[in-house]
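Below is one structure; the comments refer to it alone.
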Amino acid sequence: MGMERKRKVSLLDVVDKSKITKINSGGFSSSVASGSIIGGGRGINSWTGRPYSQRYYEILVKRRDLPVWHQKEEFLQVFKSNQTVILVGETGSGKTTQIPQFVLEAIDIKTTPNKRKKMMVACTQPRRVAAMSVSRRVAEEMDVTIGEEVGYSIRFEDCSSARTVLKYLTDGMLLREAMTDPLLERYEVIILDEAHERTLATDVLFGLLKQVLKNRPDLKLVVMSATLEAEKFQSYFDAPLMKVPGRLHPVEIFYTEEPESDYLDAAIRTVVQIHTRETPGDVLVFLTGEEEIEDACRKITKKVAKMGDKVGPVKVVPLYSSLSPAMQQKIFEPAPPPVKEGGPAGRKIVVSTNIAETSLTIDGIVYVVDPGLAKQKVYNPRVRVESLLVSPISKASAHQRSGRAGRTQPGKCFRLYTEKSFQNDLQPQTYPEMLRSNLANTVLTLKKMGINDLVHFDFMDAPAPETLMRALEALNYLGAIDDDGNLTKLGEIMSEFPLDPQMSKMLVVSPEFNCSNEILSISAMLSVPNCFVRPREAQKAADEAKARFGHIDGDHLTLLNVYHAYKQNNEDPLWCYENFINQRVLKAADNVRQQLVRIMARFNLRLCSTDFNSRDYYINIRKAMVAGYFMQVAHLEHTGHYLTVKDNQVVHLHPSNCLDHKPEWVIYNEDVQTNSNYIRTVTYIRGEWIIDIAPHYYDLTNFPLCEAKRVLEKLYKKREKEGRNC
DNA sequence: GAGCACTGC
């Protein structure tokens with residue numbers, strides 16, 4: 001809109017926003033002093049008591065163009081006469097920014113039962129960036145300061161105040177709030193946005209809110225979703241459904257005639273074909289992982305270069321989460337200009353993981369290439385392993401991907417599979433995360449919220465009984481719940497940590513091993529992505545740098561070394577660069593550590609360290625690790641392979657490990673199933689420690705027959721003898 | 001001797 005001013009005469013003195021009529025005329029010249037008013041006073045913003053700004057009216061005009069505005073009255077009517085409403089609106093309907101504002105208009109903000117704070121409207125988002133950016137936008141639309149009437153709350157950052165009446169927050173954050181405020185009494189209306197994504201937190205909130213609504217007739221719920229699976233929501237919540245059209249340009253879909261045997265090759269060919277045959281417009285290609293993406297980028301660049309100046313220049317940009325923000329910014333750069341004036345147009349080609357499906361939006365994309373695959377988390381409760389598998393996406397995902405071609409103009413989507421395969425092979429929806437995860441942490445959270453009967457908890461999609469059983473069993477071994485399934489004092493403290501139960505356990509008991517400072521650092525390092533940078537052009541130097549941090553007893557201790565070195569070097573970015581350490585990651589770890597320290601303090605858990613020169617310094621740390629991770633132990637068999645204890649799965653040390661030998665017993669942080677079955681982040685421990693620290697788990701009376709069992713039997717006998725000698 | 005979809009507390 002630039003400096004152009006809108007005629008505001010008919011807007012003046014209007015407070016009821018719904019009655020404002022749209023003004024389309026060209027308006028006044030920009031020589032009018034900014035903020036000056038023609039023809040009288042302005043409407044007063046009832047939130048701030050100040051007159052609305054120029055900008056408010058400018059945005060209002062655009063807001064009124066959004067599809068949801070055409071159904072505002074309809075929405076308000078349904079909202080007023082029902083406790084729960086389901087709203088389906090596709091991309092571009094404006095639901096995320098407008099519905100919460102409609103809701104604010106429809107209710108009187110009351111004070112909370114304790115009379116000191118106002119009650120609020122909450123709107124959840126699955127991602128932090130969305131919560132932040134949407135709330136900023138809405139604050140602007142409502143002409144208030146962010147953090148005052150409109151705010152957001154995400155991990156590490158609460159940007160809200162006593163004045164806040166509308167708060168955007170991550171679904172995980174609302175779940176955390178429910179732990180201390182089970183009836184969510186500070187809210188008058190809760191809006192669950194992007195419900196179709198079925199994140200773990202949103203799914204738990206579904207079940208929880210269904211109960212809360214029964215106990216709080218004054219609470220209202222709005223569930224917003226982008227897909228028609230909303231009918232499932234409708235019957236689950238027994239609520240009316242309202243549909244709002246989206247606003248996207250048409251996207252033409254193409255399928256292959258025959259199935260493609262090599263999707264990577266097919267994707268590259270398709271991109272090159274688009275570049276040579278189609279009209280100008282940027283391309284977005286979906287692939288599955290970092291290595292594949294880098295590989296594809298090189299191949300595309302090479303192929304196009306070979307074609308010479310018959311075709312326009314291309315800018316090929318990779319996109320995945322572990323890329324630095326600076327590199328991620330490249331996706332927003334414009335396509336290159338023609339090599340010479342009048343020559344063939346340039347094109348930007350973004351090669352991306354799933355991150356471009358939901359988390360990042362790139363305008364200007366006209367062509368989408370979709371091989372129909374993604375790395376997805378799967379969970380096997382039998383061996384308690386979560387792993388990433390390349391698997392077919394759902395129809396809903398394919399739809400979302402194709403929509404990325406129609407944001408700014410009509411587009412085309414090339415699906416590298418047959419139409420028949422789309423119809424017959426793809427699941428309608430992505431499996432909810434709840435059904436693909438280890439639920440130990442979720443079960444602990446539910447227990448903390450007083451939900452004891454998990455089998456009869458009203459999940460929208462109930463997890464497999466075996467998954468729930470495995471979770472309960474693990475929590476019981478950790479001492480978080482007793483044999484009757486009730487939360488213990490220890491479990492209550494554990495539930496307060498934003499960590500997996502094994503890690504919370506390790507942290508809570510670490511003062512007993514006189515090493516909580518070190519366990520805090522290790523936990524923080526394990527909670528962030530890999531901190532080691534390994535650029536293709538300097539792999540050897542990077543490996544050497546990493547080796548300098550190496551600790552012969554294991555990767556956990558190597559991580560501790562890195563953290564200590566980072567602090568000793570005053571968090572210096574140059575030091576990080578020279579040592580191939582990702583500074584962003586270390587900063588994040590420091591942030592996590594501070595949060596964990598605050599929680600430790602809340603429960604009077606002692607911060608302590610063993611004397612660094614004592615021979616027990618590292619031994620104590622490793623023992624504390626055993627206290628949390630005794631269920632993730634592997635034993636070296638005579639064959640030279642490791643077997644996981646009890647589950648008896650053959651596993652290999654991940655080649656990234658820094659041990660200088662193969663110890664008989666190791667503890668590991670995660671199991672990664674790729675080409676082979678690897679255990680990653682591994683530390684050497686002693687067999688004696690596991691029977692001393694976790695005898696209940698290492699009770700040999702119900703232990704599968706294996707080499708480890710025989711070794712442990714001997715260790716128990718040795719302990720017995722020692723006992724007699726004492 | 002290999003890899004890290006993406007979120008979230």
Side-chain angles (χ1 to χ4, degrees), chain A residues 124-131 153-158 169-180 194 197-205 286-295 318-323 352-360 373-378 386-393 397 400-401 430 432-434 436-437 441-442 444-445 448 494-501 503-504 523 527-534 536 539 542-543 582 585 588 591-592 595-596 598-599 652-659 670 672-681:
Chain A
T124 66
Q125 296 293 317
R127 283 166 290 278
R128 284 190 230 166
V129 270
S153 178
I154 57 178
R155 187 181 186 182
F156 304 128
E157 198 184 349
D158 181 7
L169 73 176
T170 50
D171 49 9
M173 200 70 202
L174 187 62
L175 198 53
R176 283 272 135 184
E177 288 187 359
M179 281 173 53
T180 47
E194 312 288 0
E197 288 195 29
R198 305 291 306 274
T199 62
L200 203 44
T202 293
D203 260 22
V204 175
L205 286 168
F286 285 100
L287 290 177
T288 64
E290 172 176 344
E291 215 177 76
E292 189 181 88
I293 285 169
E294 293 290 353
D295 187 36
L319 177 63
Y320 43 86
S321 71
S322 60
L323 219 48
S352 171
T353 60
N354 248 359
I355 192 170
E357 193 182 299
T358 46
S359 307
L360 269 170
L373 298 166
K375 271 191 194 166
Q376 285 167 312
K377 185 167 75 182
V378 286
E386 278 182 358
S387 49
L388 285 174
L389 271 185
V390 174
S391 41
I393 60 171
S397 255
Q400 175 74 10
R401 286 180 174 191
T430 308
E433 197 185 0
M434 173 83 73
R436 297 183 285 125
S437 309
N441 205 12
T442 303
L444 185 60
T445 306
K448 166 70 187 172
M494 281 167 59
S495 73
E496 294 289 328
F497 286 91
L499 304 169
D500 276 341
M503 207 185 280
S504 334
S523 302
S527 304
V528 295
N530 181 13
C531 67
F532 298 106
V533 181
R534 197 167 184 250
R536 189 170 287 274
Q539 290 186 348
D543 289 346
N582 184 333
V585 169
N591 224 341
V592 173
Q595 189 189 29
L596 300 179
R598 285 196 296 272
I599 301 171
H652 305 283
L653 299 182
H654 194 277
S656 64
N657 88 84
C658 62
L659 293 161
E670 57 180 343
V672 269
Q673 291 183 352
T674 50
N675 301 329
S676 183
N677 199 355
Y678 293 104
I679 46 176
R680 189 164 50 195
T681 314

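Throughout, a chain's letter reflects where its sequence line sits, starting with A, and its residues are numbered from 1.
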Are any of the side-chain nitrogens in A:E292 or A:K375 under 4.0 Å away from the carboxylate oxygens of its partner?
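Judged by the 4.0 Å cut-off on N to carboxylate O distance, A:E292 and A:K375 do not form a salt bridge.
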Whole angstroms only, please: what is the [atom1]-[atom2] distance between [X] and [N]?
X	N	atom1	atom2	answer
A:L323	B:dC4	CG	P	16 Å
A:E197	B:dA5	CD	P	19 Å
A:L659	B:dA2	CG	P	17 Å
A:L200	B:dA5	CG	C1'	16 Å
A:L287	B:dC6	CG	P	13 Å
A:E433	B:dT7	CD	P	12 Å
A:R598	B:dC9	CZ	P	13 Å
A:I293	B:dC4	CD1	C1'	11 Å

When you measure from the side chain of [X], which nucleotide among [options] comes out closest?
X	options	value
A:S321	B:dT7, B:dC4, B:dC9	B:dT7
A:T353	B:dC9, B:dC6, B:dA2	B:dC6
A:E290	B:dC4, B:dC9, B:dA2	B:dC4
A:K375	B:dA2, B:dC9, B:dA5	B:dA5
A:H654	B:dG1, B:dG3, B:dA5	B:dG3
A:P655	B:dC4, B:dC9, B:dA2	B:dA2
A:I355	B:dG3, B:dC6, B:dC4	B:dC6
A:R176	B:dC6, B:dA2, B:dC9	B:dC9
A:M173	B:dC4, B:dC9, B:dG3	B:dC9

Regarding [X], tell me which of base, sugar-phosphate or nothing describes its non-hydrogen contacts under 4.0 Å with the strands shown.
X	value
A:R127	sugar-phosphate
A:T199	nothing
A:Y320	sugar-phosphate
A:L175	nothing
A:R534	base

Evaluate whether atom CD of A:E157 has more than 12 neighbouring non-hydrogen atoms of other residues, nucleotides or ligands under 6.0 angstrom away.
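Atom CD in A:E157 is crowded, with more than 12 foreign heavy atoms closer than 6.0 Å.
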Has A:R128 got a side-chain N or O lying under 4.0 Å from the OP1 or OP2 atom of B:dC9?
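It does, given that an N or O in the side chain of A:R128 lies less than 4.0 Å from OP1 or OP2 of B:dC9.
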Would you say A:R680 places a side-chain N or O within less than 4.0 Å of OP1 or OP2 belonging to B:dC4?
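Checking B:dC4 against A:R680, a side-chain N or O does come within under 4.0 Å of OP1 or OP2.
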Would you kindly say whether A:T358 and A:Q400 are connected by a side-chain donor-acceptor distance under 3.5 Å?
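Side chains of A:T358 and A:Q400: no pair found under 3.5 Å.
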Interatomic spacing from CE in A:M503 to CE in A:M494 - rounded to 0.5 Å:
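Result: 12.0 Å between the selected atoms.
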Between A:R436 and A:N441, which has a closest nucleotide on DNA chain B that is more 5'?
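Of the two residues, A:R436 wins.
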Select from A:T170 and A:D543 the residue whose nearest nucleotide in DNA chain B is closer to the 5' end of that strand.
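Nearer the 5' end of the strand: A:D543.
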Taking every non-hydrogen atom, the tightest pair across A:A374 and A:R401:
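The pair with the smallest heavy-atom distance is CB-NH2, 3.7 Å.
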Heavy-atom pair with the smallest gap, counting every atom of A:P126 and A:T199:
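The pair with the smallest heavy-atom distance is CB-CG2, 3.8 Å.
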